[in-house]
Structure formats: structure tokens, C-alpha cells
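Every chain is numbered from 1, with letters handed out A, B, ... down the list of sequences.
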Number of protein chains: 2
Amino acid sequence: MSLRHALLALLRVGPLSGYDLQKQFSQSVGHVWHAADSQIYPELRKMALEGLVTVEEQTRGERGMRKVYHVTEDGERAFTDWLDSAPEYQRIRDAAHLRAAYLESADPEAARAFLRAHIAHWEHELSCWEGELSHIEAIDNPMLVRRLAVTSEQDRERTIAYKRFAYDGLADRARGEIAWAERGLRLIDELEGPGAR
Amino acid sequence: MSLRHALLALLRVGPLSGYDLQKQFSQSVGHVWHAADSQIYPELRKMALEGLVTVEEQTRGERGMRKVYHVTEDGERAFTDWLDSAPEYQRIRDAAHLRAAYLESADPEAARAFLRAHIAHWEHELSCWEGELSHIEAIDNPMLVRRLAVTSEQDRERTIAYKRFAYDGLADRARGEIAWAERGLRLIDELEGPGAR
DNA sequence: CGTGGCATGTAAGCGGTTACATGATTGA
DNA sequence: TCAATCATGTAACCGCTTACATGCCACG
């Protein structure tokens with residue numbers, strides 16, 4: 001249910017077209033809450049129906065058009081209500097740890113390949129998040145810049161601090177996953193003997 | 001797509017009825033891959049249709065009946081093929097870190113409540129996983145006991161080691177989430193002043 | 001005149017959630 | 001005879017994925 005909150009988080013900074021929103025999304029909040037393009041347009045439509053946003057239809061050239069979305073008071077309230085509400089947690093469904101629990105039935109080389117893939121995956125995530133962190137520190141992420149432009153002086157530090165806090169947490173998690181998988185590789189060496197590679 | 005692999009992991013140890021499977025599930029592999037009861041029966045039916053398991057229908061008393069599922073060679077192969085295949089990763093969708101990134105818009109007390117709830121959630125998960133770890137060390141988890149009974153002497157150590165590895169990883173992740181949320185509570189104190197509580 | 005980016009979607013399907021639904025057996 | 005537990009499901013819905021579908025505009 002958080003796609004709409006992610007969208008509201010961006011729109012709250014200022015109106016955006018569906019297309020621009022989708023672009024900004026993948027470069028900012030999309031690093032925390034992924035959404036496919038094909039999901040964003042229908043969700044915006046539903047949000048408009050529910051009165052969380054209004055649609056301003058603009059013409060582009062002769063026949064082209066774009067829809068610019070504005071947050072309403074209800075939308076603003078939906079966002080802050082969500083922030084102030086009790087969090088909900090997904091039930092665990094962790095394919096990597098499920099697999100890890102049964103590695104004794106895998107081919108040792110396949111087990112190593114799995115852990116190397118795990119490391120590669122989380123190193124990629126880590127570099128994304130470290131990149132975001134440096135954009136936060138340098139204040140050169142486009143959405144953050146827009147956000148700070150409409151934020152009072154005394155709130156800027158808080159805004160930046162919470163973003164840093166969020167991405168720091170994600171980066172730590174990635175480091176933990178990498179360290180775990182590296183422990184796993186050493187464990188395979190101990191149990192199955194050193195590998196071919 | 002991993003529900004069936006979780007089910008195969010249990011059935012591979014020996015045949016079980018849908019009901020017993022569901023009970024065992026929630027006490028073992030369900031700690032890593034959650035599944036609702038209502039999901040397990042249809043999935044077993046599909047797996048039978050696809051030839052991964054066979055169904056042995058047993059009568060119970062006059063009219064009662066139970067279906068006992070046995071893994072077929074195809075089922076065995078589906079499981080090991082999965083273990084040997086490249087892992088797939090879900091796109092990130094992390095409500096807690098999404099929320100954390102926008103805490104400047106939340107009421108400070110609600111922000112604290114959120115982080116306390118985060119800590120409580122992960123402490124609960126942690127105690128589950130630490131419990132599982134002690135069952136693994138003591139070798140008194142029912143499924144593990146059954147598993148080891150059909151495992152050769154020299155494979156027991158490996159079997160236990162990989163389970164320990166998997167649950168250690170989950171426990172570390174939980175500790176990371178707790179440490180992160182505690183940092184968050186201190187950050188709120190710094191930014192918003194010490195709280196009411 | 002073509003290409004790349006702007007712009008907006010639909011449709012089918014899948015895995016999971018929630019709620020509902022039913023009935024038999026066992027033991028106190 | 002009553003409750004607990006054994007035992008097996010169905011139906012509606014929801015969010016997400018994948019693939020498909022269309023057409024305009026600006027620029028070289």
C-alpha cells in the first residue's frame with residue numbers, strides 16, 4: 001500500500017506530470033520502494049479518483065498532452081497520517097536464506113556461485129545507496145534540491161539528517177548481507193574443501 | 001515461486017499429510033518463508049498436477065480422510081535444480097526505510113513510536129531465530145531430527161552447519177535493524193530535543 | 001525523414017491475503 | 001455431549017509483473 005505514499009512524498013514537493021514523476025521516482029524514492037512505470041500511471045489515476053491529487057491537463061504542441069498532478073489537502077493528510085500511523089510489516093519471505101538453509105543438498109560449486117551472486121547483488125545495492133548518500137551530502141539530488149528550496153532554513157538540517165539516516169540503514173544492511181555471504185564462502189571451503197576457483 | 005521449494009524441502013525428508021505439513025511448516029521453514037494455511041493446500045494440489053508429488057489418500061475412521069504427499073523424482077529434481085540455479089532477487093520495497101526518509105514531516109512522538117515498533121518487531125524476529133538456532137544446536141527441532149535420521153553420518157555436520165549459517169544471517173540482520181532504529185531514536189533526541197518518554 | 005525521448009496507458013496473469021466454509025474424530 | 005483439534009479447502013480481492021500498445025514532438 002506504500003506506492004501511493006512514495007508518490008505523495010514526491011508530489012508534496014511540487015506538481016509533476018506522470019512522466020516526470022516516474023523519472024524522478026526511479027532516481028530517488030525508487031531506491032527504497034521500487035515501482036514499475038506501468039504501475040505508476042494507474043495508481044495516479046486511482047489517487048485522483050480518491051481525491052488525493054488533482055489533475056491539470058496541459059496541451060503539448062498540436063495534439064500532445066500531459067497530465068500534471070497536484071497534491072490536495074486530503075493527499076497531504078493521507079501522507080502525514082501514514083507517517084504518524086503504526087508501521088505494518090510483511091511476513092518474511094527470504095529466498096536467499098531459505099536456499100542457504102539447504103545448501104548441503106546443492107552442488108558445492110553452485111553453492112559458491114549462489115553466494116557470489118548474493119555478494120554481487122548486495123554490492124550493487126550498496127553502491128546505489130552510497131551514491132545516494134553522497135548526493136545527499138553534496139545536496140545535488142534533483143528532488144532533494146527542490147525539496148530544500150521549499151523548506152525553511154531550520155528544517156533543512158532535519159530533512160537531510162533523516163534521509164541520511166534512511167540510506168545509512170540500507171547501506172549497513174547491504175554490508176551485513178555481503179559479510180554473511182563471505183562467511184558462507186569460507187564455510188563451504190571448510191566443509192567441502194577449497195573450491196575450483 | 002519459492003513456496004513449492006519450501007514445501008519440497010520438508011517433504012523430501014519423508015511423506016506428510018497436508019495438515020502435518022502445514023504444522024511443520026510454521027515451525028521450521030516458515031521462519032524463513034512464510035505461507036498461510038490457505039495457500040499450502042492449493043499449492044500441493046498444483047504440485048501433484050505437475051508431477052512433483054504424488055498423493056496417497058488415507059481413510060481416517062468412518063468417513064474422514066487425509067492426503068499424504070510423497071516427493072517424486074521430478075520433485076526431487078525440481079528442488080535440487082532450484083538450489084543449483086541462479087538466485088532471483090525481489091525489487092526493493094521497504095516501508096520502514098521509506099518512512100524513515102521522511103520523518104522530518106512526522107510528529108516527533110510518532111517518529112519515536114515508529115522506531116520503537118521497529119525495534120519491537122525485529123526483537124521478536126530475533127528471538128524466533130535465536131530460538132531456532134538453539135534448537136539447531138541442541139538438535140531438537142522435530143523436522144531437523146527427522147532429517148538427520150535419514151542423513152548419513154558424514155553429512156550431518158554439513159546439514160547442521162548450513163542451517164546455523166542461514167539462521168545466523170537472519171539474526172545478524174535483525175540485530176542490524178535494531179541498532180539502526182536505536183541510532184534513529186538518538187537522532188530524534190538530537191534534532192527535536194529529548195522526548196516525553 | 002528518422003531516431004530518441006516524451007507521454008500515456010491496457011491486459012493477462014501470478015502469488016499472496018483475508019475471510020469464509022465445512023465436516024470428522026478424539027478424548028474429557 | 002461438547003470442545004479441541006484434525007482435515008481440507010473455496011472465493012474475492014489486491015498489488016505487482018510482464019508484455020504489449022500507441023502516438024507525438026524536437027532535433028539532427
Side-chain angles (χ1 to χ4, degrees), chain A residues 1-8 11 15-27 29-30 32-50 52-53 55-69 82 88-95 98, chain B residues 1-8 11 15-27 29-30 32-50 52-53 55-69 82 88-95 98:
Chain A
M1 258 306 276
S2 283
L3 171 56
R4 63 176 49 192
H5 302 119
L7 293 171
L8 285 170
L11 284 177
L16 282 169
S17 70
Y19 185 79
D20 288 337
L21 187 52
Q22 177 237 103
K23 293 278 135 178
Q24 293 301 326
F25 195 95
S26 61
Q27 284 165 45
V29 72
V32 181
W33 191 276
H34 171 80
D37 307 353
S38 66
Q39 213 186 336
I40 290 177
Y41 291 109
E43 186 64 27
L44 286 168
R45 213 165 147 269
K46 272 202 286 178
M47 287 164 73
L49 280 173
E50 293 174 38
L52 304 181
V53 295
V55 192
E56 173 198 349
E57 302 206 342
Q58 293 182 346
T59 50
R60 237 170 49 94
E62 282 305 297
R63 270 179 299 277
M65 74 102 119
R66 48 192 247 131
K67 297 181 181 175
V68 176
Y69 293 89
W82 170 69
E88 286 168 24
Y89 289 89
Q90 296 295 116
R91 306 303 294 262
I92 186 165
R93 212 162 269 121
D94 187 313
L98 173 61
Chain B
M1 260 304 277
S2 282
L3 171 56
R4 62 177 50 193
H5 301 120
L7 293 172
L8 286 170
L11 284 177
L16 281 170
S17 71
Y19 185 78
D20 288 338
L21 187 53
Q22 176 237 103
K23 293 277 136 177
Q24 293 301 326
F25 195 95
S26 60
Q27 285 165 44
V29 72
V32 181
W33 191 278
H34 171 80
D37 307 354
S38 66
Q39 214 185 335
I40 290 177
Y41 291 108
E43 185 65 25
L44 286 168
R45 213 167 146 269
K46 272 202 284 178
M47 288 163 73
L49 281 173
E50 293 175 38
L52 304 181
V53 296
V55 193
E56 175 197 348
E57 302 206 341
Q58 293 182 346
T59 51
R60 238 171 48 94
E62 283 304 298
R63 272 179 298 277
M65 74 101 120
R66 48 193 245 132
K67 296 182 182 175
V68 176
Y69 293 90
W82 170 69
E88 286 168 26
Y89 290 88
Q90 295 295 118
R91 308 302 296 263
I92 186 165
R93 211 162 268 122
D94 188 314
L98 173 62

side-chain N/O Y19(B) vs dT8(D) OP1/OP2, d < 4.0 Å: no
S2(B) side-chain N/O to H5(B) backbone N/O, donor-acceptor pair under 3.5 Å: no
Given DNA chain D, 5'-ward residue of the pair Y69(B) and R91(B), judged by closest heavy atom: Y69(B)
Separation of atom CD in Q58(B) from atom P in dC6(D), rounded to whole Å: 15 Å
Spacing of L3(B) atom CG relative to dG16(C) atom C1', expressed in whole Å: 10 Å
Qualifying residues under salt bridge (charged side-chain N to carboxylate O under 4.0 Å, His left out), relative to K46(A), sequence neighbours excluded: E43(A)
Nucleotide nearest M1(A) when distance is taken to its side chain, options dT18(C), dG15(D), dG16(C): dG15(D)
Atom-to-atom span, CG of L21(B) to C1' of dG9(D) - whole angstrom: 15 Å
Whole-Å gap separating C1' (dT17(C)) and CD (E43(B)): 15 Å
With the criterion being N/O to N/O and under 3.5 Å, what pairs connect the protein with nucleotides 19-23 of chain C, and how long is each?
none

5'-most by nearest nucleotide on DNA chain D - S2(A) or R45(B): R45(B)
Proximal nucleotide (of dC6(C), dT17(D), dT17(C)) relative to the R93(B) side chain: dT17(D)
Rounded interatomic separation in angstrom, taking NZ from K23(A) and P from dA7(C): 10 Å
Protein-nucleotide distance (L44(B), atom CG; dA7(D), atom C1'), rounded to Å: 13 Å
Validation row: Q22(B), Y41(B) side chains within 4.5 angstrom (heavy atoms): yes
Ion pair E57(B)/R66(B), N-O distance below 4.0 Å: no
Heavy-atom closest contact (V32(B) atom, I92(A) atom, distance): O-CG1, 3.4 Å
Heavy-atom check, side chain of W33(A) versus side chain of D94(B), under 4.5 Å: no
Sugar-phosphate, base or nothing in reach of K46(A), heavy atoms under 4.0 Å: sugar-phosphate
Selection from dA7(D), dT17(D), dA7(C) that lies nearest to any side-chain heavy atom of H34(A): dT17(D)
Spacing between W33(B) atom CH2 and dT17(C) atom C1', to the nearest angstrom: 15 Å
Nucleotide nearest S17(B) (side chain, heavy atoms from C-beta), chosen from dT8(C), dG15(D), dT8(D): dT8(D)
E57(B) CD to dC6(D) P, straight-line distance once rounded to whole Å: 20 Å
Closest nucleotide among dC16(D), dG16(C), dT8(D) to the Q39(A) side chain: dC16(D)
Exercise: identify the closest heavy-atom pair between F25(B) and A6(B): CE1-CB, 3.7 Å
